[in-house]
Novice: 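After the structure tokens below, expect a handful of questions from me.
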Amino acid sequence: MAEYHLTTPLSDADVEQLKSGDVVFVSGHIYTARDAAHKRLVETLDAGKPLPFDLKGALIYYVGPSPAPPGRPIGAAGPTTSYRMDTYAPRLHSLGLKGSIGKGKRNDAVKDALREFKAVYLGATGGAGALLSQRITDAKVIAYEDLGPEAIRELTVKDFPLLVINDCHGGELYVKPNLG
Amino acid sequence: MKTIQASDIVEAVAGMCIAANHDLPADVQAAFEACHAAEEAPAAKEIFRQLLENSELSRTTNLPLCQDTGLGVFFVEVGEDVKVEGGSLRQAINDGMIKGYKDGYLRKSSCDPFSRKNTGDNSPAIIHFDIVPGDALKICMMAKGGGSENMSRVTMLAPAQGWKGIKEFVVNRVAEAGPNPCPPTIVGVGIGGNFELAAINSKKALMRPLDDRHPDPEIAKLEDELIEAINNLGIGPMGLGGKTTSLGVKIAVAPCHLASLPLAVNIQCHSARHKEVVF
């Protein structure tokens, strides 16, 4: 298992070196989007309008943070379960999205898209929202403010700790349950 | 007859909601420490290290344990000799939850099922009332996240399927859920009753401390059998492999119809947040 420090936006070469099980510390800007924001992103594409951020080389973090308490840029900010975004992810990868951050299993369509478009699925520790919040230095809402916790935020992160779950070579980290 | 002011209930519930989202129960904390020591796989050990650090951070800062601060679920035991003055009990609990989620910077996660529009204040609280003898009012609050709730199921087995069918369904549910509900989980199992009672019992069972034994030794043995089978799955913390897929299994049993064997599996993530207050 290797360890990498990467800065967004990510290139093909950044992604191709990653293997499932590797540890990645990401710095730079990442974008939050979960269920409702994904629906709007795809509706925006269907309408032929520009997206609120550039997908090229981008990382989307599946998170709906808790409100920022006084003196902090953001509240708790751990990952939400990723499978609910499986419907939308392949299309976003086809347009340049280099990776997503979440927790839990992805479907075959997403895994195929990771291979085809050289992208990666990264896991953050679910339920460690206070801990992960420490690595976020700034947060600003850039779209869909009416969605509240589901609005799209641009986060500035420093050494955000992640694990490669699905790489672009077909590798997967999650263990298969032993049903005897 | 005991008289309780609605405004006192509002304050107590607000405080519970904030405290539940910052302080892991002592039994869960102790389980993390024991698992951190017991896990040999580096990835599994590292997850428990992070969860312990997260718990410490949340207890000592203004950040909740998890960004999903849940829907507010309440189990309320109302003594027959209790009178609430200055407002209704249901309203006081709902108002207290709204206040706690606002004052505590907790996430509002309740929305319309069709439009998906956020209700804006985490309301309505989901409240289950029981009328009991006496003059005490006991309010138990659970902050229940969506990820683990999504992995929960109710099924109606045929009586002939018996314990074998129950065990197979529960273990398969945990296996299929895999890494999704933030393992290590706690598994609440409602057996018997009817469609809705099995579900409510499976959730109520999650309020039992991890280190207690079911008072019926036969049921306690079944809990042991299930936890062993679940941990043999090897899913491990966050699905990365390891000895601990679940921290505990808690069963609640009720008589059922001759024709039925209702079964509910309510999965709780490792962030098992609950508090209680007694007036």
Side-chain angles (χ1 to χ4, degrees), chain A residues 1 20-21 23 32 34-37 39-40 61-72 74-84 102-106 123-134 136 146-151 161 163 165 172-180, chain B residues 21-22 42-43 46-47 50-51 53-59 61-69 102 104-109 111 116-118 120 145-148 150-151 171-172 174-183 229 232-242 245 269-271:
Chain A
M1 312 284 172
S20 63
V23 175
T32 74
R34 45 172 293 162
D35 309 68
K39 184 162 183 275
R40 282 207 197 163
Y61 184 17
Y62 302 146
V63 57
S66 61
R72 293 188 182 274
I74 198 166
T80 193
T81 323
S82 306
Y83 72 89
R84 301 191 312 270
K103 64 164 172 98
K105 294 177 281 192
R106 308 312 300 264
T125 303
L131 185 61
L132 288 164
S133 178
Q134 310 298 307
I136 301 170
D146 61 297
L147 295 179
E150 296 199 72
L163 270 176
I165 306 293
E172 161 138 16
L173 183 61
Y174 288 137
V175 299
K176 296 242 181 306
N178 166 30
L179 282 163
Chain B
N21 275 294
H22 284 267
E46 170 61 14
I47 295 295
Q50 290 178 19
L51 296 184
E53 193 182 343
N54 188 65
S55 162
E56 175 66 18
L57 257 175
S58 184
R59 198 171 31 249
T61 69
N62 50 9
L63 293 168
L65 287 153
C66 179
Q67 73 291 337
D68 183 355
T69 51
K102 179 171 182 287
Y105 298 91
L106 305 177
R107 197 179 79 185
K108 289 74 181 169
S109 304
C111 74
R116 312 303 298 180
K117 188 173 161 34
N118 199 303
S148 58
N150 281 344
M151 295 297 111
V171 174
N172 282 340
V174 175
E176 280 167 36
N180 291 5
C182 281
N232 279 341
L233 291 170
I235 292 167
M238 297 313 299
L240 303 176
T245 298
C269 63
H270 60 69
S271 202

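Reminder, nothing fancy here: chain letters follow the sequence lines and each chain counts from 1. Given the structure is predicted, the values throughout are model-derived calculations rather than measurements.
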Novice: Is A/Lys39 close to chain B through its backbone or its side chain, or both, or neither, when contacts mean heavy atoms under 4.5 Å?
Specialist: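 Neither part; nothing is under 4.5 Å.
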Novice: Hey, is the main chain of B/Glu176 close enough, under 3.5 Å, to the side chain of A/Lys105 for a donor-acceptor pair?
Specialist: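 Such a contact is found between A/Lys105 side chain and B/Glu176 backbone.
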Novice: With side chains defined as the heavy atoms from C-beta onward, is the minimum distance between A/Arg72 and B/Thr61 less than 4.5 Å?
Specialist: yes
Novice: Non-hydrogen atoms of chain B under 4.5 Å away: do they reach the side chain of A/Pro79, the backbone, both or neither?
Specialist: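 Contact with chain B: backbone only.
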Novice: So for B/Ala43, is it side chain, backbone, both, or neither that comes closer than 4.5 Å to the heavy atoms of chain A?
Specialist: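 For B/Ala43, there is no contact with chain A at all, as no heavy atom is under 4.5 Å.
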Novice: Taking all non-hydrogen atoms of both residues into account, name the closest pair between B/Pro64 and A/Ser66 and its distance.
Specialist: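 Closest approach of B/Pro64 to A/Ser66: CG-OG, 3.6 Å.
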Novice: For A/Gly64, does its backbone N or O pair with a side-chain atom of B/Gln67 as donor and acceptor, under 3.5 Å?
Specialist: no
Novice: Counting only heavy atoms closer than 4.5 Å, note whether B/Ile235 contacts chain A via side chain, backbone, both or neither.
Specialist: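 Backbone plus side chain of B/Ile235, per the 4.5 Å heavy-atom cut-off to chain A.
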Novice: Closest approach of A/Gly104 and B/Pro179, non-hydrogen atoms and distance?
Specialist: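 Result for this residue pair: CA-CG, 3.9 Å.
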Novice: Less than 4.5 Å to any heavy atom of chain A: does that hold for the side chain of B/Leu240, its backbone, both, or neither?
Specialist: both
Novice: Run the side-chain contact (heavy atoms from CB on, under 4.5 Å) check on A/Leu131 and B/Leu51 step by step: do they pass?
Specialist: CA-CA 8 Å; A/Leu131 185 61; B/Leu51 296 184; over 6 Å; no
Novice: Walk me through whether A/Arg84 and B/Asn150 qualify under side-chain contact (heavy atoms from CB on, under 4.5 Å).
Specialist: CA-CA 11 Å; A/Arg84 301 191 312 270; B/Asn150 281 344; 4.0 Å; yes
Novice: Need one label for B/Glu56: side chain, backbone, both or neither, based on atoms under 4.5 Å from any heavy atom in chain A.
Specialist: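 Looking at B/Glu56, nothing touches chain A.
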Novice: Using every non-hydrogen atom in the two residues, find where B/Gly234 and A/Val175 come nearest and quote the distance to one decimal.
Specialist: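 Heavy atoms of B/Gly234 and A/Val175 come nearest at O-CG2, 3.3 Å.
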Novice: Tell me, for B/Asn118 versus chain A, whether the close heavy atoms (under 4.5 Å) come from the side chain, the backbone, both or neither.
Specialist: side chain
Novice: What pairs with B/Ser109 under side-chain hydrogen bond (donor to acceptor under 3.5 Å, both in side chains), at least two apart in sequence or on another chain?
Specialist: B/Arg107
Novice: Can you name the closest pair of heavy atoms from B/Tyr105 and A/Pro67 and give their distance?
Specialist: O-CD, 3.3 Å
Novice: Assess the residue pair A/Asp35 and B/Arg116 against the criterion (side-chain contact (heavy atoms from CB on, under 4.5 Å)); give the C-alpha distance rounded to whole Å, side-chain angles, the decisive distance to 0.1 Å, and a yes or no.
Specialist: CA-CA 10 Å; A/Asp35 309 68; B/Arg116 312 303 298 180; over 6 Å; no
Novice: Does any backbone or side-chain atom of B/Cys269 lie under 4.5 Å from a heavy atom of chain A? Answer side chain, backbone, both or neither.
Specialist: neither
Novice: Can you say whether A/Ile74 sits under 4.5 Å from chain B via the side chain, the backbone, both, or neither, judging by heavy atoms?
Specialist: backbone
Novice: Name the member of A/Pro70, A/Gly102, A/Ser82, A/Gly148 that forms the most heavy-atom pairs with chain B at distances under 4.5 Å.
Specialist: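 Of the candidates given, the most pairs with chain B belong to A/Pro70.
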Novice: Where on A/Ala36 is there a heavy atom nearer than 4.5 Å to chain B: the side chain, the backbone, both, or neither?
Specialist: neither
Novice: What part of B/Lys117 is in contact with chain A, defined as an atom under 4.5 angstrom from a non-hydrogen atom: side chain, backbone, both or neither?
Specialist: neither
Novice: Who passes side-chain hydrogen bond (donor to acceptor under 3.5 Å, both in side chains) against A/Gln134, sequence neighbours left out?
Specialist: none
Novice: Looking at A/Gly127, is its backbone amide N or carbonyl O close enough to the side chain of B/Asn54 to form a donor-acceptor pair, meaning the two atoms are under 3.5 Å apart?
Specialist: yes
Novice: Begin with the C-alpha distance, continue with both residues' side-chain angles, and end with the deciding distance and a verdict on side-chain contact (heavy atoms from CB on, under 4.5 Å) for B/Met238 and A/Leu163.
Specialist: CA-CA 11 Å; B/Met238 297 313 299; A/Leu163 270 176; over 6 Å; no
Novice: Under a 3.5 Å distance rule, please check whether B/Asn232 uses its side chain to pair with a backbone N or O of A/Asn178 as donor and acceptor.
Specialist: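 Not at all, since once roles are kept as given, no pair shorter than 3.5 Å links the two residues.
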